[in-house]
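Here the structure is laid out as structure tokens; the discussion comes afterwards.
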Amino acid sequence: VTDPPDGPVTNLAEFDKMQSVLIRYQFGIPYDLIAEMSQACMVTTIVASSSEQTYVTNQYNNQGVNLDNCEFLIAPSNSYWTRDYGPWFVFDGNDELGIVDFTYNRPRPYDNAIPSVVAQEYGFNLFEMDIETAGGNYMTTGMGIASSSQLIWDENSSYTHEEIAQIFEDYLGIETYHVVQDPNNTYIDHIDCWGKFLDIDKVLIRSVPET
């Protein structure tokens with residue numbers, strides 16, 4: 001655990017403009033999606049070695065990926081769920097871009113280390129908060145509002161609900177933290193399985209049959 005960023009802190013929104021998307025080989029997404037993303041922004045791919053980087057580069061070339069918009073991060077990893085274990089970006093009170101890291105809620109130590117690897121590779125400030133969670137259970141508007149399912153309370157039961165909210169305010173600038181029951185009744189309880197912030201005044205909610 002480190003001290004939080006100097007305030008006021010702004011956590012970048014789900015829908016903010018982005019410079020890069022972080023993915024990992026072996027992939028959980030199709031090559032045509034990677035090719036489409038590479039037309040709009042940088043694609044940063046986690047690979048295990050330089051030889052794996054060469055292999056993926058050849059695959060990208062064969063699959064129509066824009067190699068001019070590709071970077072590679074050589075680091076060990078356990079899975080391709082970068083949405084869940086990847087870095088959360090903030091601007092601190094000095095307008096410096098930094099990464100807020102948390103304990104990934106899966107027993108995958110290499111994945112858990114990726115935010116610190118990204119911070120070291122690109123020279124970002126790194127802030128470690130004492131929270132266990134996953135990116136899939138966190139949504140933010142970039143305006144001090146965020147949402148998670150009740151899993152955030154379950155996984156951090158040593159804290160009161162108020163203490164958890166205070167940690168999110170200190171490290172991420174979240175002044176309004178909505179914690180809601182998960183309606184899916186599945187094991188994962190991630191809010192992004194059924195809800196997305198699309199804009200400051202627009203929320204997408206999954207529709208299901210009445211049954």
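Heavy atoms only: backbone and side chains are in, while hydrogens, waters and symmetry mates are out. The shown structure was predicted, so the numbers you read here are calculated from the model rather than taken from an experiment.
Taken together through direct or relayed side-chain contacts under 4.5 Å among Ile, Leu, Val, Met, Phe, Trp and Tyr, V9 and I167 form part of one hydrophobic cluster. Note on I29 and V65: same hydrophobic cluster, where clusters join Ile, Leu, Val, Met, Phe, Trp and Tyr whose side-chain heavy atoms are under 4.5 Å apart, directly or indirectly. Hydrophobic clustering (ILVMFWY, side-chain heavy atoms < 4.5 Å, transitive): L67 and I74 are in one cluster. By the criterion of side-chain heavy atoms lying less than 4.5 angstrom apart, applied directly or through intervening Ile, Leu, Val, Met, Phe, Trp or Tyr residues, M139 is not grouped with W81; the two fall into different hydrophobic clusters.
Within the structure, every pair that satisfies the ring pair (Phe, Tyr, Trp, His ring centres under 6.0 Å) test and touches residues 99-136, not counting sequence neighbours, is listed here: Y85-Y104, W88-F102, F89-F124.
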As a quick check of understanding, evaluate side-chain contact (heavy atoms from CB on, under 4.5 Å) for I145 and H178, giving each step before the final call. CA-CA 8 Å; I145 301 172; H178 299 291; 3.9 Å; yes
Fill in: Stepwise side-chain contact (heavy atoms from CB on, under 4.5 Å) check, W194 with D182
CA-CA 9 Å; W194 55 269; D182 188 279; 3.0 Å; yes
Where do W153 and I164 land on the side-chain contact (heavy atoms from CB on, under 4.5 Å) test, with the steps shown first?
CA-CA 8 Å; W153 291 341; I164 292 171; 3.8 Å; yes
What verdict does the side-chain contact (heavy atoms from CB on, under 4.5 Å) test give for I205 and K196, after you've listed the backbone C-alpha separation in whole Å, the side-chain angles of each residue and the deciding distance to 0.1 Å? CA-CA 7 Å; I205 299 295; K196 296 271 192 179; over 6 Å; no
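Here the shortest heavy-atom pairing between D68 and M42 reads O-CE, 4.3 Å. Nearest heavy atom pair, residue A134 against residue N105, reads CB-OD1, 3.5 Å. Closest non-hydrogen pair, N156 versus D130, comes out as OD1-O, 4.4 Å. Residues S148 and Y177 come closest through the heavy atom pair OG-OH, 2.6 Å. A pairwise comparison of heavy atoms in E132 and I152 identifies O-CD1, 4.0 Å as the closest pair. Nearest heavy-atom pair, G64 versus A35, reported as atom, atom and distance to 0.1 Å: O-CB, 3.7 Å.
A donor-acceptor contact shorter than 3.5 Å links the side chain of T2 to the backbone of E128. Side-chain atoms of D199 never come within 3.5 Å of backbone atoms of D201 as a donor-acceptor pair (strictly under, hydrogens ignored). Between the side chain of N66 and the backbone N or O of Q39 there is no donor-acceptor pair closer than 3.5 Å. Not one N or O on the side chain of N94 forms a donor-acceptor pair closer than 3.5 Å with the backbone of E96. Remark: the backbone N or O of S50 is paired with a side-chain donor or acceptor of T54 at under 3.5 angstrom. Here the side chain of T44 pairs no donor or acceptor atom with the backbone of E71 at under 3.5 angstrom. At distances below 3.5 Å, at least one donor-acceptor pair connects side-chain atoms of N62 with backbone N or O atoms of N58.
Ring orientation note: the planes of Y60 and Y31 are nearly perpendicular, at an angle over 60° on the 30°/60° scale.
Test D170, L172, V1 against M129 for side chain to side chain contact (heavy atoms under 4.5 Å, CB included) and you get one pass: L172.
For CD of E36, the number of neighbouring non-hydrogen atoms (other residues, nucleotides, ligands) closer than 6.0 Å is 12 at most. No more than 12 heavy atoms of other residues, nucleotides or ligands shown are found within 6.0 angstrom of CD on Q120.
A donor and an acceptor atom, one from each side chain of N137 and S149, are located under 3.5 Å apart. A side-chain N or O of S77 and one of R24 form a donor-acceptor pair less than 3.5 Å apart.
In this structure, T103 and T133 have side chains that are not in contact, with every pair of non-hydrogen atoms separated by 4.5 Å or more. Counting heavy atoms from C-beta outward, C193 and I188 have side chains that approach closer than 4.5 Å. Residues C41 and V21 are in side-chain contact: their nearest non-hydrogen atoms beyond the backbone lie under 4.5 Å apart.
Ion pairing between a basic and an acidic side chain is recognised when a charged N comes within 4.0 Å of a carboxylate O; E14 and K202 show no such pairing.
For the salt bridge (Lys or Arg N to Asp or Glu O under 4.0 Å) test, no residue two or more places apart in sequence or in another chain qualifies with R106.
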